[in-house]
Number of protein chains: 2
Amino acid sequence: MSKPLESDHGAQVGPGPAISRAEVQLRAQGLRLTPVRRRTLEILLEASGAIGAYDVLARLAADGFGSQPPVAYRALDFLVEHGLAHRLRRINAFTACSHPGETHHAAFLICRICRRVDELHAGHLRQMLVQDAHAAGFAVERTSLEASGLCADCQGQDVSDEGVE
Amino acid sequence: MSKPLESDHGAQVGPGPAISRAEVQLRAQGLRLTPVRRRTLEILLEASGAIGAYDVLARLAADGFGSQPPVAYRALDFLVEHGLAHRLRRINAFTACSHPGETHHAAFLICRICRRVDELHAGHLRQMLVQDAHAAGFAVERTSLEASGLCADCQGQDVSDEGVE
DNA sequence: AATTGACATGTAATAATATTACCATTAAAT
DNA sequence: ATTTAATGGTAATATTATTACATGTCAATT
């Protein structure tokens with residue numbers, strides 16, 4: 001053998017497909033997936049559920065990036081802005097987008113136990129909301145459609161109400 | 001004349017109808033609209049739009065109630081819990097419920113300029129979300145359906161994007 | 001190759017939001 | 001009257017987020 005496999009944080013060889021795709025998508029828009037942004041996206045992708053900005057920050061700092069909040073918030077905001085991640089307002093956390101590229105409006109199902117997030121296509125929901133709003137004279141700019149509850153895996157093992165939200 | 005009018009914070013005589021109704025509703029459920037809670041509800045009702053917990057706290061403190069965050073959060077949580085107020089997660093703020101009593105699921109239209117909140121009946125929206133979630137194996141417990149944008153009054157006077165959210 | 005200008009990153013300081021823990025008080029039920 | 005549960009007060013702290021400003025990077029021109 002001539003070329004050793006690189007162990008990239010215990011994951012696969014080279015950037016995961018999600019990262020590569022993100023990079024391509026961004027370049028096409030004249031945007032750059034810089035090292036902090038790339039690593040931030042990796043962190044979100046590696047996480048088992050939604051994570052907070054300060055969790056992201058701690059990992060970035062551990063990897064040699066800046067250790068002050070703006071470092072994380074800027075990268076997260078960038079990713080959210082460009083459809084690669086989502087911000088979950090019910091729990092003040094972030095998660096990688098499950099369907100990057102495809103422009104879509106999603107509703108989020110947030111498990112209050114494991115914090116995993118399922119992303120529902122919700123164009124129709126949003127459309128109804130926008131229309132109802134319009135009928136009320138309100139011009140919608142952005143929406144948050146979120147539900148918290150129990151994911152399939154966590155149902156049954158529900159110990160009354162851990163981490164209610 | 002025998003009985004002087006009471007000037008209750010520059011408002012009307014005695015408790016406003018919303019307060020009276022809230023009191024009746026709560027008593028019927030064996031709950032109490034205590035002084036802090038009552039005043040908190042008044043504060044929300046007097047506000048021109050959604051206000052933050054710390055704004056509420058400052059007013060409570062000015063009225064002689066406790067000045068530590070739990071005082072406000074407890075009262076606000078109680079009101080939200082019992083359908084007299086809503087918490088808006090997009091902007092970390094609270095607003096009095098427009099339709100207390102009637103159990104309903106609402107969607108909120110939050111004006112990013114004046115912070116006024118319109119409450120849409122959204123039983124159908126929520127129902128769709130709950131069903132889509134169910135189909136995905138997710139058991140919904142609570143939802144947040146919020147939109148931010150411009151209310152009828154603030155459209156037109158839009159100076160690019162004040163207070164974007 | 002040097003210069004410029006736009007974008008990106010880093011840090012310090014602070015603001016804004018929210019919770020935990022613990023004690024005192026009040027109201028209601030026995 | 002005594003007990004119990006609910007409520008309110010405070011201190012301390014945790015968590016989330018922003019502002020302001022300096023530095024650095026990069027690519028497009030001169």
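Values below: every heavy atom of this structure, side chains too, minus hydrogens, waters and symmetry copies. So you know, we letter chains A, B, ... as the sequences are listed, proteins then strands, and number each from 1.
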Could you work out, with salt bridge (charged side-chain N to carboxylate O under 4.0 Å, His left out) as the rule, every residue matching A/Asp153, not counting sequence neighbours? none
Need to verify one output field. Residue with the more 5' nearest nucleotide on DNA chain D, B/Arg37 or A/Ala93?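 Its nearest nucleotide lies further toward 5', so the answer is B/Arg37.
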Assert: residue with more 5' nearest nucleotide on DNA chain D, out of B/Phe65 and B/Asn92, is B/Phe65
Just the endpoints, please: which first and last nucleotides of DNA chain D, 5' to 3', lie under 4.0 Å from a heavy atom of chain A?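 Contacts span D/dT16 to D/dC26, reading 5' to 3'.
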Length of the [atom1]-[atom2] vector between [X] and [N], whole Å:
{"X": "A/Leu33", "N": "C/dT9", "atom1": "CG", "atom2": "P", "answer": "10 Å"}
{"X": "A/Asp63", "N": "C/dT9", "atom1": "CG", "atom2": "C1'", "answer": "16 Å"}
{"X": "A/Arg38", "N": "C/dT9", "atom1": "CZ", "atom2": "P", "answer": "12 Å"}
{"X": "A/Leu60", "N": "C/dG10", "atom1": "CG", "atom2": "P", "answer": "9 Å"}

Below 3.5 Å between N/O atoms, which protein atoms pair up with nucleotides 19-26 of chain C? Just atom names and distances, please.
none

Tell me, please, which residues at least two apart from [X] pass side chain to side chain donor-acceptor pair (under 3.5 Å).
{"X": "A/Asp118", "value": "none"}
{"X": "B/Thr95", "value": "none"}
{"X": "B/Glu119", "value": "B/His86, B/Ser98, B/His104"}
{"X": "A/Arg38", "value": "A/Glu23"}

Can you name the residues that form a ring pair (Phe, Tyr, Trp, His ring centres under 6.0 Å) with B/Tyr73, not counting sequence neighbours?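 Not a single residue meets the ring pair (Phe, Tyr, Trp, His ring centres under 6.0 Å) criterion with B/Tyr73.
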Quick one: list whatever passes side-chain contact (heavy atoms from CB on, under 4.5 Å) with B/Ala18, sequence neighbours left out.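 side-chain contact (heavy atoms from CB on, under 4.5 Å) check on B/Ala18 returns B/Leu45.
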Using a 4.0 Å heavy-atom cut-off across all strands, classify A/Val71 as base, sugar-phosphate, or nothing. base
Give a yes-or-no answer on whether the side chains of A/Ser148 and B/Arg142 include a donor-acceptor pair shorter than 3.5 Å.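 Distance-only check fails for A/Ser148 and B/Arg142.
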Using a cut-off of strictly less than 4.0 Å, decide whether A/Ser67 has a side-chain nitrogen or oxygen near OP1 or OP2 of C/dG10.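 Checking A/Ser67 against C/dG10: no side-chain N or O falls below 4.0 Å of OP1 or OP2.
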What's the angle between the local helix axes at either end of the helix from C/dA1-D/dT30 to C/dT30-D/dA1, using five pairs per end and rounding to 10 degrees?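 What I find for the helix from C/dA1-D/dT30 to C/dT30-D/dA1 is an axis angle of 20°.
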Atom NE2 of B/His134 with >12 non-hydrogen neighbours under 6.0 angstrom: no
When the side chains of residues 74-83 of chain A are checked against the rest of the protein, which donor-acceptor pairs come out under 3.5 Å, sequence neighbours left out?
from, atom 1, to, atom 2, distance (Å)
A/His82, ND1, A/Phe78, O, 3.0

Does A/Val24 sit in a hydrophobic cluster with other residues, and if so which ones, taking ILVMFWY side chains as linked at heavy-atom separations under 4.5 Å, directly or through other members?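 So far as hydrophobic clustering goes, A/Val24 is joined with none.
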